[in-house]
Amino acid sequence: MTSADGDGRANGGVVSRLRRIIAEGGLRGLASLAARWGTKWSLWPPHLVTACCGVEVGHLFGPAYDAERYGALPMPAARHSNLLLIEGTITMKMAKFVKWVYEQMPEPKFVIAMGACAIKGGVFYGSYHMVPASNVVPVDTYVAGCPPTPEALLKAIEDVQRRRVESL
Amino acid sequence: MRRPEWPFYLKPGETFFVEREEEIAPGERGIVLVIGPQHPGAGHLRLFAVVNGDVVADVRPDPGFVHRGIEKLAEKRPFWVLGPLLEKASIMDSPNIMLPLMHALEEALGLEPPPRAKYLRLIMAELTRIRTHLYDLAIHAIFLGHSTPFMWGFGLGDLIAEVEAKIAGARTTAAYPIPGGVRRDLTTDGRQALESLLRKLEAKLPDFYTMFFKNPVVKMRLEGVGVLDAKRAVELGAVGPSLRGSGVDYDVRAARPYDAYAEVKPEVQVEKAGDAMARQLVRWREVEESIRLIREALRSLPEGEIVDESLLASAPNYRREGIAGIYGAFVKLRPTRGEYLGLVEAARGAAMVQLFASPSPTPFRLRFVTPSWRNLKPMVEAMKGYRIADIPAIYMSFGYFPPEADR
């Protein structure tokens, strides 16, 4: 999406947007819209815990924050999932597994890099055994904090959802 | 059974079969399973399990996925920022896991926390102990496929996190103890929040007990699984609930009291069975014991300063700037050369820091031994002889937390 589109409301209401999509893409455009809407509400992260931010991810799927109401539910297998939540530091040893899990995930897939460590190193900046997340996988959204609060993570999931439907 | 060649030549994630029949003795079957690091029953740890049919014949752990070089980084940082570095080992248990460093630094710098600070440390340490035990129970439940205790455990954990945020300033990584005291005083608000939290916990915990420990499925999955007798547990160096679950009466808080534990005495919780259920029962009893300890500490909480008097004297801006003024005083301090030891009972067992201090602000060497690292070997030994399905049940009964183990 371009910044000129703004938050999507700039294109007018839902009806005019649908009209534009049908005019531009026909039935295929409509099917794409439905697929995107479906993906928006089924962002499933695989169970890949890379570091200690997993504690707050546990709270994210706990009863107080309940990310499942956004359609996000942790999945045991990488092949059933489409949202890679990088939970904190990626070490050299873990990096190849992160890459490997990411490659196994079916398209379309998204990456949320969580925590200061995944952004640039955080408190472990300069360690001999860690890499920033962007060197390993393409990152869609970063979440700041050490560890980020579950609210911030919900915001990141909303961000991925918003970009999913608005990139039409 | 002759052991097959260790599969280090394998690409990540490959599960392979023993192809050459001559690798195993006649009449035996063998398969090496690679479990983890992306696995719902083993977070960021890889286990190579040699299984004979469904029975685990041998397990070799492959830790180090979260090794972030805390010890090496500590050699490059001044001592006043070491706390936030070391607490990342176990963030839900941060006051506990930082305390050994604080004890070692206090000895090196010649500081002594005032009584109120000692009690506040105890309160926060016990509060995060409850949270860590609930975390372990919740994760253990989800490993067994039982999601209600997961939800309840994390629901109660969230309440504790919010109270932590009120008292210490952050949900998880508050870096509450500082050398010579604590970061913040307990306000009336914080005290009320803590007391209502304890009431809430006491009201909800019996339900959790019924849901988890009285559950026939959980009983069948945990009782008699992963048995480690007392002799073996001591030989392998188990610590914390894993050791006490095997019937060994050892708790650093009682054996070598630190801070306020000399006055507020904990009762050591021991279970004799040595199986996964016994380890979790020890955790459960310690949760109840921690609630009692917090109540007792709150009753006898002394008045006074929360930071060492000599620090306050050298930090005239403390009244105006708060804790930042104390950090201004740290910059002028230099440790005495020598070797210092800090040993505390963290939620998962004894945590130790060995500090080789030089007269510079950065330590010459820092050795950090964490409870999960000590529990790794007992954990894999306990898995041998049980079924593949028991691996997650045994794994989490030791409360193994890889960031803590790998440091």
Side-chain angles (χ1 to χ4, degrees), chain A residues 46-66 68 73-79 81 84 87-105 115-117 121-130 145-151, chain B residues 11-13 36-46 62-70 72-73 76-77 81 84-94 131-132 135 138-139 142 147-148 150-159 161-162 165 170-173 175 401-404 406:
Chain A
H47 187 104
L48 178 73
V49 192
T50 55
C52 47
C53 281
V55 176
E56 289 292 22
V57 173
H59 284 294
L60 175 67
F61 295 105
Y65 296 95
D66 193 17
E68 208 175 326
L73 179 69
M75 280 285 128
R79 290 188 193 281
S81 52
L84 185 62
E87 300 166 13
T89 329
I90 302 180
T91 59
M92 301 274 198
K93 194 169 177 175
M94 194 53 130
K96 58 184 175 187
F97 290 91
V98 172
K99 182 101 185 142
W100 180 70
V101 166
Y102 179 75
E103 281 165 0
Q104 276 195 57
M105 285 159 53
C117 298
V123 73
F124 299 105
Y125 182 80
S127 169
Y128 54 81
H129 198 232
M130 64 154 294
C146 186
T149 53
E151 292 100 324
Chain B
K11 293 209 183 78
Q38 194 268 316
H39 188 272
H44 33 298
L45 168 77
R46 186 160 52 166
D62 180 17
F65 285 98
V66 206
H67 173 68
R68 298 175 284 193
I70 287 180
K72 188 66 189 170
L73 284 172
K76 293 189 271 181
R77 309 245 168 121
V81 299
L85 179 66
L86 259 70
E87 80 173 339
K88 299 294 182 291
S90 180
I91 59 172
M92 80 292 265
D93 194 22
S94 77
R131 187 177 172 195
T132 314
Y135 177 90
I139 297 287
I142 202 79
S147 60
T148 310
F150 168 81
M151 286 293 174
W152 290 12
F154 271 92
L156 294 172
D158 249 311
L159 298 178
E162 290 305 323
R171 283 169 57 92
T172 37
T173 50
F401 189 56
E404 188 181 283
D406 297 340

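No hydrogens, no waters, no symmetry mates; every other heavy atom, side chains included, goes into these values. Everything numeric here is computed off the predicted structure, so don't read it as measured data. Proteins come first, then strands; the chains are lettered A, B, ... in the order of their sequence lines, and each starts at number 1.
Note on B:Val81, B:Val66, B:Asp158, B:Ile91: by heavy-atom pairs under 4.5 Å with chain A, the leading option is B:Asp158. Ranked by heavy-atom pairs under 4.5 Å with chain A, the first of B:Glu404, B:Lys76, B:Arg131 is B:Arg131. Comparing A:Pro150, A:Gly62, A:Ser127 by heavy-atom pairs within less than 4.5 Å of chain B, the highest count is held by A:Ser127. Options B:Met92, B:Arg171, B:Lys72, B:Met151 differ in how many heavy-atom pairs under 4.5 Å they form with chain A, and the most are formed by B:Arg171. Highest contact tally toward chain B, considering only A:Cys117, A:Gly122, A:Gly58, is held by A:Gly58 [criterion: heavy-atom pairs under 4.5 Å].
The CZ atom of B:Phe154 lies 13.5 Å from the CG atom of A:Asp66; values are rounded to the nearest 0.5 Å. Here A:Phe124 contributes atom CZ and B:Ile70 contributes atom CD1; the two are 4.5 Å apart, rounded to the nearest 0.5 Å.
Ring geometry, A:Phe97 versus B:Phe65: the interplanar angle exceeds 60°, so the pair is classed perpendicular (tilted spans 30 to 60°).
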CA sep, side-chain torsions, deciding dist, call: A:Val123, B:Arg77, side chain to side chain contact (heavy atoms under 4.5 Å, CB included): CA-CA 11 Å; A:Val123 73; B:Arg77 309 245 168 121; 3.9 Å; yes
Between B:Lys88 and A:Thr89, does the side chain to side chain contact (heavy atoms under 4.5 Å, CB included) criterion hold? Intermediate values first, please. CA-CA 11 Å; B:Lys88 299 294 182 291; A:Thr89 329; over 6 Å; no
Kindly determine whether A:Met94 and B:His44 satisfy side chain to side chain contact (heavy atoms under 4.5 Å, CB included), including the steps that lead there. CA-CA 8 Å; A:Met94 194 53 130; B:His44 33 298; 3.5 Å; yes
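Tested against B:Thr172, the residues A:Cys146, A:Cys53, A:Pro147, A:Cys52 include a single side chain to side chain contact (heavy atoms under 4.5 Å, CB included) partner, A:Pro147.
Contact annotation for B:Glu87: neither backbone nor side-chain heavy atoms come within less than 4.5 Å of a heavy atom of chain A. The part of B:Leu73 that comes within reach of chain A is its side chain, from C-beta onward, which places non-hydrogen atoms under 4.5 angstrom from that chain. Interface residue A:Tyr128: only side-chain heavy atoms are found under 4.5 Å from chain B. Heavy-atom distances place the side chain of A:Val101, and not its backbone, under 4.5 Å from chain B. With a threshold of 4.5 angstrom between heavy atoms, A:Ala78 approaches chain B through its backbone and through its side chain.
Residues A:Ala51 and B:Pro403 come closest through the heavy atom pair C-CG, 4.0 Å.
Checking side-chain atoms of A:Thr91 against main-chain N and O of B:His67 turns up no donor-acceptor pair under 3.5 Å.
Aromatic rings of B:Tyr135 and A:His59 (six-membered ring for Trp) have centroids beyond the 6.0 Å cut-off, not under it.
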